[in-house]
Amino acid sequence: MSVPQVLSADWPAPPGVRAVVTLRAGGVSGGAYASLNLGAHVGDDAQAVAENRRRMAAALRLPAEPLWLAQVHGTGVVRADELGHGAVAPITIARGDASITRQPGRVLAVLVADCLPVLLARADGSAVAIAHAGWRGLAAGVVEAAVYSIGGQPLELVAWLGPAIGAAHFEVGEKVRAAFCRHSAQAASAFEANERGRWQCDLHQLAAQRLAALGVHSIHGQPRCTFADADSFYSFRRDGVTGRAAALVWMDARVAGRTDVAARRSTVEHRG
């Protein structure tokens, strides 16, 4: 039996914070979904998806079932800690495009196939968050919503930008460019005109700009293009019918260096 393959986040996260993006290999799905498809909404066999999720959880030794969001390309943030304790069944009714937890052992997830996963961690290890940033959600402010939800000062955050469709393969119209440039003139640098009178859009650069504007300076991740690497990544724009990878972040229940004092301080800052 093949083992699910993952890309580990290359960021200076605090001890005990774990973050990965799954790759295509190591699952049981066939055809357009081959092989580690984790999306239950894309037309794949339900039993295959369930087995893929089981294999992924076992390979990563996940402490709990991931919080599977019903993603809508918006800015809603799901507060995982308000959904109850000890849930072991898949949660698919939580509608939103970002989530936040301050509790070790809760696993946050977003599904992607070209959209950009943005992962966040407090430098003291007291909270993590994740966002699903396609162009619509990114333009609407999903990254800002995730940063605000995690609390504290932005300077205390570490961010990782995962694989997404690269600028060379992401052609958009003037409407998309205008949506970003209305927010910030700096966004124009993330668009390059092509010979068809349209624009090549750099999602990684746009996300990094928005994080920096908020005061987040510890931004990491080598941009990898999901469109260009069919062996490793699903790509909706490349293939149309395809599977979904998962980006996941969680705090290990045995987080080294995370004290009750830090946890209480995080809660006070959040409420304040």
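Reckoned from all heavy atoms, side chains included, excluding hydrogens, waters and symmetry mates.
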Novice: Report whether L83 and V128 are members of the same hydrophobic cluster (ILVMFWY, side-chain heavy atoms less than 4.5 Å apart, transitive linking).
Specialist: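 They do share one cluster, since a chain of ILVMFWY contacts under 4.5 Å joins L83 to V128.
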Novice: So, the side chain of T22 versus the backbone of A246: is there a donor-acceptor pair under 3.5 Å, distance only?
Specialist: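 Confirmed, T22 side chain pairs with A246 backbone.
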Novice: So, the side chain of D239 versus the backbone of T242: is there a donor-acceptor pair under 3.5 Å, distance only?
Specialist: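 Judged by distance alone, no pair lies under 3.5 Å.
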Novice: Do S189 and Q209 have side-chain N/O donor and acceptor atoms under 3.5 Å apart?
Specialist: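 There is such a pair (donor and acceptor under 3.5 Å, judged by atom type) between the side chains of S189 and Q209.
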Novice: Looking at W135, does the NZ or CZ of R177 lie under 6.0 angstrom from its six-membered ring centre and within 45 degrees of the ring axis?
Specialist: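 No cation-pi geometry.
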Novice: Between Q71 and G96 (side chain of the first, backbone of the second, donor and acceptor by atom type, cut-off under 3.5 Å), is there such a pair?
Specialist: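 No; zero donor-acceptor contacts below 3.5 Å.
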Novice: Please check: side-chain N/O of S35 versus main-chain N/O of R24, any donor-acceptor pairing under 3.5 Å?
Specialist: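 Indeed, once roles are kept as given, a pair shorter than 3.5 Å links the two residues.
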Novice: Do the side chains of D81 and R106 get close enough for a salt bridge, i.e. N-O under 4.0 angstrom?
Specialist: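 Yes.
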Novice: Spell out, yes or no, whether V21 and W11 are grouped together once hydrophobic residues are joined by side-chain heavy atoms under 4.5 Å, including indirect joins.
Specialist: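 Yes: a chain of side-chain contacts under 4.5 Å links V21 to W11.
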Novice: Locate the shortest heavy-atom distance separating A212 from I219; write the atom from each residue and the value.
Specialist: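 Taking every non-hydrogen atom into account, N-CD1, 4.0 Å.
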Novice: Between W199 and N194, does any side-chain donor sit less than 3.5 Å from a side-chain acceptor?
Specialist: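 Absent: no donor and acceptor within the cut-off.
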Novice: With under 30° as parallel and over 60° as perpendicular, where do the rings of F191 and F180 fit, or are they tilted in between?
Specialist: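 Judged by the thresholds at 30° and 60°, the geometry between F191 and F180 is tilted.
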Novice: With a 4.5 Å cut-off on side-chain heavy atoms, are V107 and P63 touching?
Specialist: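 Heavy-atom side-chain distance check passes, below 4.5 Å.
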Novice: Should R210 and E144 be marked as a side chain to side chain contact (heavy atoms under 4.5 Å, CB included) after you check the CA-CA gap, both sets of side-chain angles, and the distance that decides it?
Specialist: CA-CA 7 Å; R210 289 191 171 227; E144 289 86 344; 3.0 Å; yes
Novice: Hydrophobic clusters here meaning ILVMFWY residues chained together by side-chain heavy-atom distances under 4.5 Å, can you tell me if L69 and V49 are in one?
Specialist: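 Cluster IDs for L69 and V49 differ.
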Novice: Determine yes or no for a side-chain-to-main-chain donor-acceptor pair under 3.5 angstrom, with H183 supplying the side chain and G141 the backbone.
Specialist: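 Between the backbone of G141 and the side chain of H183 there is no qualifying donor-acceptor contact (under 3.5 Å).
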Novice: Under the 3.5 angstrom rule, does the side chain of Q47 hit a backbone N or O of D45 as a donor-acceptor pair?
Specialist: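 No: the side chain of Q47 does not pair with the backbone of D45.
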Novice: For V143 and L211, run side chain to side chain contact (heavy atoms under 4.5 Å, CB included): C-alpha distance rounded to whole Å, both residues' side-chain angles, the deciding distance at 0.1 Å, then the answer.
Specialist: CA-CA 7 Å; V143 168; L211 286 166; 3.5 Å; yes
Novice: For P117 and A247, which heavy atoms make the closest approach, and how far apart are they?
Specialist: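 It is CB-CB, 3.5 Å.
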Novice: Carefully, step by step, assess Y33 and V241 under the rule side chain to side chain contact (heavy atoms under 4.5 Å, CB included).
Specialist: CA-CA 8 Å; Y33 307 105; V241 177; 3.4 Å; yes
Novice: Does a side chain donor of either T75 or D97 reach within less than 3.5 Å of an acceptor in the other side chain?
Specialist: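 Note: T75 and D97 side chains miss the donor-acceptor criterion.
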Novice: Is the shortest side-chain N to carboxylate O distance from D252 to R18 below 4.0 Å?
Specialist: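 Here D252 does not pair with R18 in a salt bridge, since their nearest N and O are not under 4.0 Å apart.
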Novice: Please test L248 against L108 for side chain to side chain contact (heavy atoms under 4.5 Å, CB included), starting from the C-alpha separation and ending with a verdict.
Specialist: CA-CA 6 Å; L248 307 113; L108 308 181; over 6 Å; no
Novice: Decide if atom CZ of F170 counts as having more than 12 heavy atoms of other residues, nucleotides or ligands within a radius under 6.0 Å.
Specialist: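 Yes, because the 6.0 Å sphere around CZ of F170 holds more than 12 heavy atoms from other groups.
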Novice: Answer whether the closest heavy-atom distance between the side chains of D124 and E156 falls below 4.5 Å.
Specialist: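 D124 vs E156: side chains apart.
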Novice: Minimum heavy-atom separation for M251 to G125, with atom names?
Specialist: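 That closest heavy-atom pairing would be SD-O, 3.1 Å.
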Novice: Show the nearest heavy-atom pair for residues P14 and R122, with the distance to one decimal.
Specialist: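 So the two residues come closest at CG-O, 3.3 Å.
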Novice: Looking only at non-hydrogen atoms, find the nearest pair between P12 and H220 and report the distance.
Specialist: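 In this case the closest contact between P12 and H220 is CD-NE2, 3.2 Å.
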Novice: If you look at every heavy atom in A146 and A131, which pair is closest and at what distance?
Specialist: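 Result for this residue pair: CB-CB, 4.2 Å.
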Novice: Would you call Y148 and L214 a side-chain contact if the rule is heavy atoms closer than 4.5 Å?
Specialist: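 Side chain of Y148 against side chain of L214, heavy atoms only: contact under 4.5 Å found.
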Novice: Using a 4.5 Å cut-off on heavy atoms from C-beta on, say whether the side chain of H217 contacts that of L155.
Specialist: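 SC-SC contact between L155 and H217 confirmed.
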Novice: Do the side chain of Q200 and the main chain of A167 share a donor and acceptor less than 3.5 angstrom apart?
Specialist: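 Judged by distance alone, yes, a pair lies under 3.5 Å.
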Novice: Please check if any side-chain donor atom of N37 sits under 3.5 Å from a side-chain acceptor atom of N52, or the reverse.
Specialist: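 No pair is found: no donor N or O on one side chain lies under 3.5 Å from an acceptor on the other.
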Novice: Within a reach of under 6.0 Å around CZ of R61, are more than 12 heavy atoms found that belong to other residues, nucleotides or ligands?
Specialist: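 At most 12 heavy atoms, drawn from other residues, nucleotides or ligands, come within 6.0 Å of this atom.
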Novice: Look at the side chain of S235 and the backbone N and O of A113, then say whether any donor-acceptor pair between them is shorter than 3.5 Å.
Specialist: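 Pair absent, no side-chain N/O of S235 close to backbone of A113.
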Novice: Verify, without hydrogens or angle tests, whether R95 (side chain) and A70 (backbone) share a donor-acceptor contact under 3.5 angstrom.
Specialist: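 Not a single qualifying donor-acceptor pair exists.
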Novice: Hey, are the side chains of L206 and C201 touching, using non-hydrogen atoms and a 4.5 Å cut-off?
Specialist: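 Counting from C-beta outward, L206 and C201 do come under 4.5 Å.
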Novice: Membership question, hydrophobic clusters at under 4.5 Å side-chain separation (ILVMFWY): are Y234 and I130 in the same one?
Specialist: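 Hydrophobic grouping puts I130 apart from Y234.
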Novice: Counting only heavy atoms not in E174 (residues, nucleotides, ligands), do more than 12 fall under 6.0 Å from its CD?
Specialist: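 Check passes, neighbour count above 12.
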Novice: Looking at E65, is its backbone amide N or carbonyl O close enough to the side chain of R53 to form a donor-acceptor pair, meaning the two atoms are under 3.5 Å apart?
Specialist: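 Between the backbone of E65 and the side chain of R53 there is no qualifying donor-acceptor contact (under 3.5 Å).
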Novice: Tell me whether F236 shares a hydrophobic cluster with F227, the cluster being built from Ile, Leu, Val, Met, Phe, Trp, Tyr side chains joined at under 4.5 Å.
Specialist: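 Looking at the clustering, F227 is in a separate group from F236.
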